[in-house]
Visitor: 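One structure follows; several queries about it will come next.
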There are 2 protein chains.
Amino acid sequence: MRIFDQGEPVMYEKKIPLTIDCGLHLTKEVLNGKWKPALLNAISMDIKRPSEISRLLPEATRRVLNVQLKELEEHGMVEKKIYPQLPPKVEYSLTEIGWSLMPLIDAMNRWGDANRTFLETVIAQDPKNGKISKSPCPAYRRMRAI
Amino acid sequence: MRIFDQGEPVMYEKKIPLTIDCGLHLTKEVLNGKWKPALLNAISMDIKRPSEISRLLPEATRRVLNVQLKELEEHGMVEKKIYPQLPPKVEYSLTEIGWSLMPLIDAMNRWGDANRTFLETVIAQDPKNGKISKSPCPAYRRMRAI
DNA sequence: CAGAATCCACCAGGATACTG
DNA sequence: CAGTATCCTGGTGGATTCTG
């Protein structure tokens with residue numbers, strides 16, 4: 001997405017070369033980011049406007065959500081539609097390849113839920129983890145069969 | 001794993017509280033670490049000794065592999081067996097819950113491979129990514145049906 | 001062979017304030 | 001409502017060296 005060209009943005013390169021060998025690493029790269037799976041999940045649930053998404057994930061800053069949404073867009077997982085109006089309106093949607101990720105996301109979700117009590121125990125035991133917030137996840141419906 | 005009690009080790013706490021809401025985040029936490037999925041995959045392939053694993057993942061330092069293996073162990077995904085002999089011998093194995101993660105790992109692997117050409121393109125385009133190593137992933141056989 | 005101890009570069013992600 | 005600009009913290013993972 002690029003509406004106006006704003007000259008040379010401040011850019012930098014990751015100094016450490018990316019490991020791209022097996023499919024595992026490609027997938028990790030796409031899902032790399034604290035909120036990426038949650039974002040894909042939200043959009044698949046038809047929660048597609050930034051304000052809605054932000055309400056769904058109140059622990060994430062708008063800035064971070066924007067950053068990760070942009071990465072998802074650059075990786076071709078989501079599409080961004082900008083309605084040129086006031087107040088501005090933006091809607092995200094999953095691309096075909098983005099939809100193809102949903103079974104994976106669902107599997108992650110299910111595995112985590114299935115093992116919730118065990119995982120919460122071992123993760124909480126870990127002295128590296130300070131407080132843990134257990135805010136429940138509201139249930140939403142997938143907007144398309146996959 | 002704890003063989004000898006060595007007094008109070010240097011400990012610290014993560015300052016930022018962990019987000020544990022939906023299963024997604026629990027799963028992300030367990031798989032959080034650059035080499036975790038690859039490690040689980042390797043061990044499931046019966047590549048279970050540190051030296052073997054290190055040979056399989058030459059781009060990772062021994063230190064990092066140790067750190068992430070220890071986390072997997074603390075999270076109950078792998079078990080570590082130490083043979084008290086010289087030269088020392090160590091073997092890792094998946095726990096039941098560790099095995100239950102394998103369908104997920106496989107799905108990630110398959111998705112990444114299925115979309116390899118597309119993903120390599122979009123990820124390589126990203127100016128944030130410097131060099132990309134495309135060393136192929138050797139094929140190994142799963143040591144147990146899941 | 002296995003791994004602990006240091007040291008540190010890098011960057012992801014949070015806080016805050018601001019524009020259109 | 002949506003997005004950008006700064007600034008900053010802390011934690012991940014890499015390099016190196018050392019032990020048994």
Side-chain angles (χ1 to χ4, degrees), chain A residues 1-4 6-7 9-19 28-29 31-36 38-39 48-55 57-71 73 80-92 126-130 133, chain B residues 1-4 6-7 9-19 25 28-29 31-36 38-39 48-55 57-71 73 80-92 126 128-130 133:
Chain A
M1 187 258 331
R2 175 172 271 190
I3 309 185
F4 297 116
Q6 293 147 326
V10 183
M11 270 301 178
Y12 64 95
E13 278 197 7
K14 286 188 185 175
K15 298 305 179 307
I16 301 165
L18 204 59
T19 305
K28 269 220 107 196
E29 180 65 18
L31 260 25
N32 194 18
K34 189 164 175 178
W35 306 98
K36 295 263 184 81
L39 283 170
K48 51 188 173 187
R49 299 196 49 188
S51 50
E52 297 171 332
I53 297 176
S54 187
R55 228 172 297 128
L57 304 170
E59 311 200 61
T61 339
R62 285 294 308 270
R63 182 191 157 284
V64 175
L65 293 183
N66 283 335
V67 169
Q68 308 215 351
L69 281 167
K70 178 175 288 185
E71 283 176 18
E73 194 192 355
K80 179 178 191 173
K81 187 161 191 178
I82 302 177
Y83 297 84
Q85 60 181 45
L86 278 174
K89 179 177 168 184
V90 168
E91 281 183 357
Y92 289 94
D126 192 333
K128 283 196 302 299
N129 300 322
S133 75
Chain B
M1 186 260 328
R2 177 172 268 189
I3 309 186
F4 297 117
Q6 294 146 326
V10 182
M11 270 300 177
Y12 65 96
E13 279 195 6
K14 285 189 185 175
K15 298 306 179 308
I16 302 165
L18 204 58
T19 306
H25 285 88
K28 271 219 108 195
E29 179 65 19
L31 259 25
N32 193 17
K34 189 163 175 181
W35 306 99
K36 294 261 184 81
L39 283 170
K48 52 189 174 185
R49 299 194 50 186
S51 49
E52 295 170 334
I53 297 175
S54 187
R55 226 171 298 128
L57 304 170
E59 310 201 60
T61 339
R62 285 296 306 271
R63 181 190 159 282
V64 176
L65 293 184
N66 284 335
V67 169
Q68 309 216 349
L69 280 167
K70 178 175 288 182
E71 283 177 19
E73 193 192 354
K80 179 178 190 173
K81 187 161 193 180
I82 302 178
Y83 297 85
Q85 60 180 46
L86 277 175
K89 178 175 168 184
V90 168
E91 281 184 357
Y92 288 94
D126 192 334
K128 283 197 299 301
N129 300 320
S133 74

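In what follows, chains are A, B, ... by sequence order, proteins preceding strands, each numbered from 1. Just so it is clear, the model here is predicted, and its values are computed rather than measured.
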Visitor: Among the nucleotides C/dG14, C/dC1, D/dA2, which one has an atom lying closest to any side-chain atom of A/Pro50?
Guide: D/dA2
Visitor: For B/Lys48 and C/dC1, what is the distance between atoms NZ and C1' respectively, to the nearest whole Å?
Guide: 17 Å
Visitor: Between B/Ser51 and C/dA2, is there a contact of a side-chain N or O with OP1 or OP2 at under 4.0 Å?
Guide: yes
Visitor: What is the distance from NZ of A/Lys70 to P of D/dA2, rounded to the nearest Å?
Guide: 16 Å
Visitor: Excluding sequence neighbours, so at least two apart, what forms salt bridge (Lys or Arg N to Asp or Glu O under 4.0 Å) with A/Lys28?
Guide: none
Visitor: What integer distance in Å separates A/Glu71:CD from D/dG3:P?
Guide: 15 Å
Visitor: Specify the separation, in whole Å, of atom CD of B/Gln68 and atom P of D/dG14.
Guide: 8 Å
Visitor: A/Thr61 has a side chain; which of D/dC1, C/dG14, C/dA2 sits nearest to it?
Guide: C/dG14
Visitor: In whole angstrom, what separates B/Arg55's CZ from C/dA2's P?
Guide: 9 Å
Visitor: To the nearest Å, give me how far apart CG (B/Asn32) and P (D/dG11) are.
Guide: 12 Å
Visitor: Taking only side-chain N and O atoms of A/Lys80, does any of them lie within less than 4.0 angstrom of OP1 or OP2 on D/dG3?
Guide: yes
Visitor: Mind checking B/Arg49 for me? I need base, sugar-phosphate or nothing, with any heavy atom below 4.0 Å counting as a touch.
Guide: sugar-phosphate
Visitor: Using heavy-atom distances to pick each residue's nearest nucleotide on DNA chain C, tell me which of B/Pro88 and A/Ala60 is more 5'.
Guide: B/Pro88
Visitor: Counting only side-chain nitrogens and oxygens, does B/Lys34 get under 4.0 Å of the OP1 or OP2 atom of D/dG14?
Guide: yes
Visitor: Given the ring of A/Tyr83, does A/Lys89 sit roughly above its face, with NZ or CZ under 6.0 Å from the centre of the six-membered ring and within 45° of the axis?
Guide: yes
Visitor: Round to a whole Å and report the spacing from CD of A/Glu52 to P of D/dA2.
Guide: 8 Å
Visitor: Is there a donor and acceptor pair, one atom on the side chain of B/Arg63 and one on the base of C/dT6, closer than 3.5 Å?
Guide: yes
Visitor: Scan A/Val64, A/Val67, A/Leu69 and name whichever one has a side-chain contact (heavy atoms from CB on, under 4.5 Å) with A/Trp35.
Guide: A/Val64
Visitor: For A/Leu69 and C/dG13, give me the distance from atom CG to atom C1', rounded to whole Å.
Guide: 14 Å
Visitor: Roughly how far, to the nearest 0.5 Å, is CD of B/Gln68 from CD1 of B/Ile53?
Guide: 12.0 Å
Visitor: What's the separation between atom CD1 in B/Ile82 and atom CD in B/Glu91, rounded to the nearest 0.5 Å?
Guide: 11.5 Å
